[in-house]
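Below is one structure, written out as structure tokens; the observations come after it.
Bear in mind that the values here come from a model prediction, so they are computed numbers and not experimental data. Note that the numbering runs from 1 along the sequence shown for the chain.
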Amino acid sequence: MENLEKLIKRETNYMFSDVFYENFTKKILLFLSENKHKDGFVYFIKNGISSNKVKIGSAIDIDKRINSYQTSFHEKIYILGYIKSDDYIFLEKEIHDTFSEKRVKGEWFEIDDLDLYTIKELYNFNNVNDFYKRNINIKDMPNKVLLNDVSGMISFCENLKLNHVYKTSDLFKVFLEKNTDCKIINVSWFGRELSKTLKRIGIKKIDSTNGGIRTFILK
């Protein structure tokens with residue numbers, strides 16, 4: 001306690017009284033002891049599915065916390081997923097720091113699909129991808145596969161060969177065979193996501209049309 005109190009004094013340039021530092025140090029130590037090794041969650045939610053802003057928060061009881069938000073949200077809360085951790089408070093801060101340049105205000109960030117892919121690669125992220133339901137615990141909500149599941153698309157694109165001629169419709173069939181739980185039936189969507197993902201990972205897609213058949217090669 002003595003070392004911590006001295007550290008706080010130095011960091012605050014001895015601006016406050018000794019009584020303040022003593023009480024403040026006790027509060028910090030009490031907080032740490034109460035939260036030490038206590039399982040909690042970092043959650044990722046949106047104000048409706050169409051919002052481009054994601055709230056990254058933490059709680060011991062995510063169902064209770066998200067239920068309390070519902071009255072203040074304009075639309076139904078959409079849950080992207082959560083991470084379980086015994087250091088959930090520090091994990092939340094770590095993720096906030098990682099995306100500090102994308103912070104809008106407080107715990108709200110402009111997180112895109114590629115950012116979520118990065119989070120999934122770094123942490124044990126549990127997908128939900130569904131609207132919050134009060135009668136089902138969040139941990140029991142089954143994962144819904146999104147049409148824009150960027151992680152699956154990135155893996156797919158990374159296995160494509162350079163200087164090889166591809167036909168989008170043929171690749172679409174292969175993609176559906178490899179991703180049987182993805183219920184996509186629109187080749188136009190697939191073509192758009194394919195082009196965006198190739199650009200994200202730094203591969204140039206050169207389109208061409210020959211005899212009415214659209215193809216492309218990768219450089």
Quiz item: How are the rings of F172 and F190 set to each other: parallel, tilted or perpendicular (split at 30° and 60°)?
Solution: tilted

Quiz prompt | Criterion side chain to side chain contact (heavy atoms under 4.5 Å, CB included) on F41 and Y88, from CA distance to verdict | solution = CA-CA 6 Å; F41 302 87; Y88 66 101; 5.8 Å; no

Quiz item: Can you check whether R65's main-chain N or O pairs, donor with acceptor, with S68's side chain at less than 3.5 Å?
Solution: yes

Practice problem: Answer with yes or no whether the hydrophobic clustering places I62 together with W108; edges join I, L, V, M, F, W, Y residues whose side-chain heavy atoms lie under 4.5 Å apart. | Solution: yes

Quiz item: Under a 4.5 Å cut-off applied to non-hydrogen side-chain atoms, are V42 and S85 in contact?
Solution: no

Self-check item: Check: I66 and I138 side chains under 4.5 Å, non-hydrogen atoms
Solution: yes

Quiz prompt | Gap between atom NZ of K167 and atom OG1 of T215 - 0.5 Å precision | solution = 9.5 Å

Exercise. Carefully, step by step, assess K76 and N47 under the rule side chain to side chain donor-acceptor pair (under 3.5 Å).
Key: CA-CA 6 Å; K76 285 191 68 176; N47 188 8; over 6 Å; no

Self-check item: side chain to side chain contact (heavy atoms under 4.5 Å, CB included) evaluation trace for K139 with N126
Solution: CA-CA 9 Å; K139 290 183 290 183; N126 295 275; over 6 Å; no

Quiz item: Should Y43 and I60 be counted in the same cluster of Ile, Leu, Val, Met, Phe, Trp and Tyr side chains packed under 4.5 Å apart?
Solution: no

Self-check item: Side-chain touch E94/L91, heavy atoms, less than 4.5 angstrom
Solution: yes

Exercise. Using atom types as modelled and distance alone, determine if a side-chain donor or acceptor of D112 lies under 3.5 Å from a backbone N or O of D115.
Key: yes

Quiz item: Are R134 and D63 within salt-bridge range, i.e. N to O under 4.0 Å?
Solution: no

Distance-only check: which donor-acceptor pairs under 3.5 Å involve side-chain atoms of residues 51-59, not counting sequence neighbours?
from	atom 1	to	atom 2	distance (Å)
S51	OG	K53	N	3.1
S51	OG	K53	O	3.4
K55	NZ	E107	OE1	2.8
S58	OG	E92	OE1	2.9

Quiz item: Is it true that Y123 and V128 fall in one hydrophobic cluster, defined by side-chain heavy atoms closer than 4.5 Å?
Solution: no

Quiz item: Does atom CZ of F73 have more than 12 heavy-atom neighbours from other groups under 6.0 Å away?
Solution: yes

Quiz item: Just wondering, more than 12 heavy atoms not from K84 lying within 6.0 Å of its NZ?
Solution: no

Practice problem: For K64 and D61, work out which heavy atoms get closest and say how close. | Solution: N-OD1, 3.0 Å

Quiz item: What pair of heavy atoms forms the shortest contact from V187 to S169, and how long is it?
Solution: CG2-CA, 4.1 Å

Self-check item: Interatomic distance, K219 atom NZ to L162 atom CG [nearest 0.5 angstrom]
Solution: 8.5 Å

Quiz item: Is I217 isolated, or which residues cluster with it under the ILVMFWY side-chain rule of less than 4.5 Å, directly or via members?
Solution: V165, I206

Quiz item: Do the side chains of L122 and Y82 join up, straight or via other hydrophobic residues, at under 4.5 Å, putting them in one cluster?
Solution: no

Exercise. Could you grab the distance from atom CD1 of I79 to atom NZ of K133, nearest 0.5 Å is fine?
Key: 8.0 Å

Quiz item: By ring pair (Phe, Tyr, Trp, His ring centres under 6.0 Å), which residues pair with F44, not counting sequence neighbours?
Solution: F125

Quiz item: Quick one: which of H164, K161, K205 gives a side chain to side chain contact (heavy atoms under 4.5 Å, CB included) with L218?
Solution: K205

Quiz item: Is atom CZ of R103 surrounded by more than 12 heavy atoms (other residues, nucleotides or ligands) closer than 6.0 Å?
Solution: yes

Quiz item: Rounded to the nearest 0.5 Å, what separation is found between the CG atom of L80 and the CG atom of L116?
Solution: 5.5 Å

Quiz item: Any side-chain heavy atom of L160 within less than 4.5 Å of one from L171?
Solution: yes

Quiz prompt | I83 CD1 to K120 NZ distance, which is reported to the nearest 0.5 Å | solution = 11.0 Å

Quiz item: Are K93 and D97 ion-paired here, with the side-chain N under 4.0 Å from a carboxylate O?
Solution: yes

Exercise. Could you tell me if the ring centre of Y78 sits under 6.0 Å from that of F131?
Key: yes

Quiz prompt | Pairwise distance CG(D170) to NZ(K173) - rounded to 0.5 angstrom | solution = 6.0 Å

Quiz item: Do the non-hydrogen side-chain atoms of L7 and R10 ever get within less than 4.5 Å of each other?
Solution: yes

Self-check item: Residues, nucleotides or ligands: over 12 heavy atoms within 6.0 Å of Y69 OH
Solution: yes

Quiz item: If only atom types and distance count, is the side chain of N137 paired as donor or acceptor with the main-chain N or O of D140 below 3.5 Å?
Solution: no

Quiz item: So, E22 and K26, do they make that salt bridge, N to O below 4.0 Å?
Solution: yes

Quiz item: Centres of the F99 and F109 rings: under 6.0 Å?
Solution: no

Quiz item: Does V104 offer a backbone N or O that forms a donor-acceptor pair with the side chain of E110 under 3.5 Å?
Solution: no

Quiz prompt | Test item: K46 side-chain N/O and I49 main-chain N/O as donor-acceptor pair under 3.5 Å | solution = yes

Quiz item: Would L198 end up clustered with Y166 when hydrophobic side chains under 4.5 Å apart are linked, directly or stepwise?
Solution: yes

